[in-house]
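Residue numbers run from 1 in the order of the sequence given. Only a predicted model underlies this, so the values are computations on that prediction, with no experimental measurement involved. As a basis for the values below, the full set of heavy atoms in this structure was taken, side chains included, without hydrogen atoms, waters or symmetry mates.
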Amino acid sequence: MAITGASGAIYAQRLLDNLDARRHEIHLVQSNYAQQVIAEELPGGLKLPDGIKSHSLKSMNAPFASGSNPPEAMVVIPCTMGTMGRIAHGCSEDVLLRAADVVLKERKKLILVPRETPLSLVHVKNMELLLLAGAIVLPANPCFYAGAKTVVELADTVVARVLDHLGIENQLAPRWAREPE
Ligand SMILES: Cc1cc2nc3c(=O)[nH]c(=O)nc-3n(C[C@H](O)[C@H](O)[C@H](O)COP(=O)(O)O)c2cc1C
């Protein structure tokens with residue numbers, strides 16, 4: 001899991017809150033700007049559940065930095081346009097970007113959660129490249145039909161979709177009920 005300096009730190013916190021480090025090996029990397037946005041948006045800072053291993057951006061010794069040991073999945077949440085562009089163009093100067101590069105080349109699951117709006121053609125072209133390379137672009141667009149009453153519940157409508165794409169069973173947000181026949 002990677003956190004970058006986009007607005008939406010709550011999405012990262014809620015994903016962390018809903019991952020189970022007893023069932024999955026979870027590693028976390030934060031971009032330099034992630035810390036700044038977390039300071040603005042999460043009173044009390046990021047709360048790291050037990051068992052999650054945090055890595056420095058500069059530590060290329062992290063186990064997931066090599067194609068010989070790729071993670072099954074990587075989520076960049078929230079994902080800045082800068083990081084998205086760097087991943088799209090194969091820049092891998094730190095362990096966050098390198099991990100994304102590894103995940104793509106090893107054909108593992110890369111889920112990017114941008115918040116940006118509106119989008120420029122540059123953003124859309126980068127997204128196109130990433131989609132062609134096999135990434136999942138899952139914008140942080142909460143849904144309003146689920147009756148969320150709080151900001152956390154609203155954020156959870158996005159995090160639930162991330163968990164779904166990770167293949168992690170969850171009841172985080174109500175699902176659309178089928179019409180009775
Ligand atoms: C409070 C705050 C909110 C920001 N929100 C966004 C955002 O939603 N999307 C984005 O692309 N950049 C956003 N930025 C700008 C990025 O943090 C900046 O472009 C930074 O260089 C991104 O670096 P990173 O991709 O390594 O995290 C925000 C910055 C701050 C301080």
Side-chain angles (χ1 to χ4, degrees), residues 1-24 26-52 54 71-88 96 99-100 103 109-120 122-124 126-128 130-131 135-180:
M1 176 170 164
I3 305 176
T4 68
S7 184
I10 190 173
Y11 296 115
Q13 182 65 67
R14 291 302 293 154
L15 183 58
L16 285 168
D17 293 343
N18 285 282
L19 292 173
D20 185 350
R22 288 165 305 180
R23 298 183 62 191
H24 307 279
I26 303 165
H27 298 268
L28 176 69
V29 190
Q30 298 177 55
S31 78
N32 291 324
Y33 284 95
Q35 326 277 347
Q36 193 174 332
V37 178
I38 287 167
E40 299 278 347
E41 296 187 351
L42 294 181
L46 189 73
K47 296 195 173 50
L48 214 54
D50 286 345
I52 293 182
S54 204
E72 280 308 308
M74 177 174 180
V75 186
V76 185
I77 179 169
C79 183
T80 62
M81 290 300 108
T83 291
M84 186 170 275
R86 287 187 282 277
I87 296 172
L96 187 163
V103 168
K109 194 171 277 188
L110 178 63
I111 302 173
L112 305 171
V113 185
R115 186 232 45 101
E116 195 67 24
T117 191
L119 298 173
S120 72
V122 171
H123 303 150
V124 170
N126 285 337
M127 286 183 193
E128 181 188 28
L130 288 160
L131 291 171
I136 293 167
V137 179
L138 196 158
N141 295 343
C143 82
F144 293 87
Y145 58 74
K149 302 265 186 309
T150 65
V151 173
V152 168
E153 285 174 10
L154 210 50
D156 281 354
T157 65
V158 171
V159 174
R161 301 313 320 278
V162 174
L163 291 168
D164 289 346
H165 279 271
L166 285 171
I168 296 177
E169 218 230 303
N170 71 92
Q171 307 300 330
L172 204 51
R175 294 182 188 278
W176 186 248
R178 264 191 288 156
E179 231 178 313

A.B. asks: Side-chain contact test, heavy atoms from C-beta onward, threshold under 4.5 Å: evaluate it for Leu15 versus Val75 and give yes or no.
C.D. replies: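 Heavy-atom side-chain distance check passes, below 4.5 Å.
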A.B. asks: Measure from the side-chain N and O atoms of Thr4 to the backbone N and O of Thr80, and report whether any donor-acceptor pair falls under 3.5 Å.
C.D. replies: yes
A.B. asks: Tell me whether the count of non-hydrogen atoms from other residues, nucleotides or ligands lying under 6.0 Å of CZ in Arg14 goes above 12.
C.D. replies: yes
A.B. asks: Shortest non-hydrogen contact from Pro78 to Ser7?
C.D. replies: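 Nearest pair, atom of Pro78 first, then Ser7: CB-O, 3.6 Å.
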A.B. asks: Would you check if His24 and Leu166 make a side-chain contact, meaning some heavy-atom pair closer than 4.5 Å?
C.D. replies: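 They are not in contact (no side-chain heavy atoms under 4.5 Å apart), so the answer is no.
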A.B. asks: Closest approach of Arg22 and Asp20, non-hydrogen atoms and distance?
C.D. replies: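 The pair with the smallest heavy-atom distance is N-OD1, 2.9 Å.
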A.B. asks: Quick check for you: to the nearest 0.5 Å, what is the distance between Leu119 atom CG and Met81 atom CE?
C.D. replies: 6.0 Å
A.B. asks: Apply ring-ring contact (aromatic ring centres under 6.0 Å, His included) to His27 and list each qualifying residue two or more places apart in sequence or on a separate chain.
C.D. replies: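 Once residues adjacent in sequence are excluded, the partners of His27 under the ring-ring contact (aromatic ring centres under 6.0 Å, His included) criterion are His55, Phe64.
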A.B. asks: Indicate yes or no for a side-chain donor-acceptor contact from Glu41 to the backbone of Ile10 under 3.5 Å, with no hydrogens or angles considered.
C.D. replies: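 No.
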A.B. asks: Locate the shortest heavy-atom distance separating Gly5 from Ser31; write the atom from each residue and the value.
C.D. replies: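 Closest heavy-atom pair between Gly5 and Ser31: N-OG, 3.4 Å.
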A.B. asks: Can you tell me how far CZ of Arg23 sits from CD1 of Ile168, rounded to the nearest 0.5 angstrom?
C.D. replies: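 The CZ atom of Arg23 is 8.0 Å from CD1 of Ile168, to the nearest 0.5 Å.
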A.B. asks: Is any side-chain heavy atom of Arg115 closer than 4.5 Å to one of Val113?
C.D. replies: no
A.B. asks: With a 4.5 Å limit on heavy-atom distance, are the side chains of Met1 and Leu16 in contact?
C.D. replies: yes
A.B. asks: Short question: side chain of Asn141, backbone of Pro139 - any donor-acceptor pair under 3.5 Å?
C.D. replies: no
A.B. asks: Once you round to the nearest 0.5 Å, how far does CG of Leu172 lie from CG of Asn18?
C.D. replies: 4.5 Å
A.B. asks: Taking the side chain as everything from C-beta on, heavy atoms only, tell me whether Leu112 gets closer than 4.5 Å to Asn126.
C.D. replies: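 No, too far: nothing below the 4.5 Å cut-off.
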A.B. asks: How long is the straight-line distance from OH of Tyr145 back to OG1 of Thr157, given to the nearest 0.5 Å?
C.D. replies: 8.0 Å
A.B. asks: Start with the C-alpha gap between Asp164 and Arg175, add the side-chain angles, then the distance that decides, and say whether side chain to side chain contact (heavy atoms under 4.5 Å, CB included) holds.
C.D. replies: CA-CA 11 Å; Asp164 289 346; Arg175 294 182 188 278; 2.9 Å; yes
A.B. asks: Mind checking what makes salt bridge (charged side-chain N to carboxylate O under 4.0 Å, His left out) contact with Glu153, not counting sequence neighbours?
C.D. replies: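 Here no residue qualifies.
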A.B. asks: Is any side-chain heavy atom of Pro114 closer than 4.5 Å to one of Met127?
C.D. replies: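 Yes, their side chains come closer than 4.5 Å.
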A.B. asks: Atom CG of Leu28 and atom CD1 of Ile52: how far apart are they, to the nearest 0.5 Å?
C.D. replies: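 Between atom CG of Leu28 and atom CD1 of Ile52 there are 7.0 Å.
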A.B. asks: Going by heavy atoms in the side chains, are Met84 and His123 under 4.5 Å from each other?
C.D. replies: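 No, every pair of side-chain atoms sits at 4.5 Å or beyond.
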A.B. asks: For Ile77 versus Ala12, what's the shortest heavy-atom pair and its separation?
C.D. replies: O-CB, 3.4 Å
A.B. asks: Listed by chain and number, what are the salt bridge (charged side-chain N to carboxylate O under 4.0 Å, His left out) partners of Arg86, not counting sequence neighbours?
C.D. replies: none
A.B. asks: Give the minimum heavy-atom separation between Ala9 and Ile38, together with the two atoms involved.
C.D. replies: CB-CG1, 3.9 Å
A.B. asks: I want to check something: taking the side chain as every heavy atom from C-beta on, are Cys79 and Tyr11 in contact at a cut-off of under 4.5 Å?
C.D. replies: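 Contact flag for Cys79/Tyr11 side chains = no.
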A.B. asks: Distance check, rounded to the nearest 0.5 Å: Gln13 atom CD versus Lys47 atom NZ?
C.D. replies: 6.5 Å
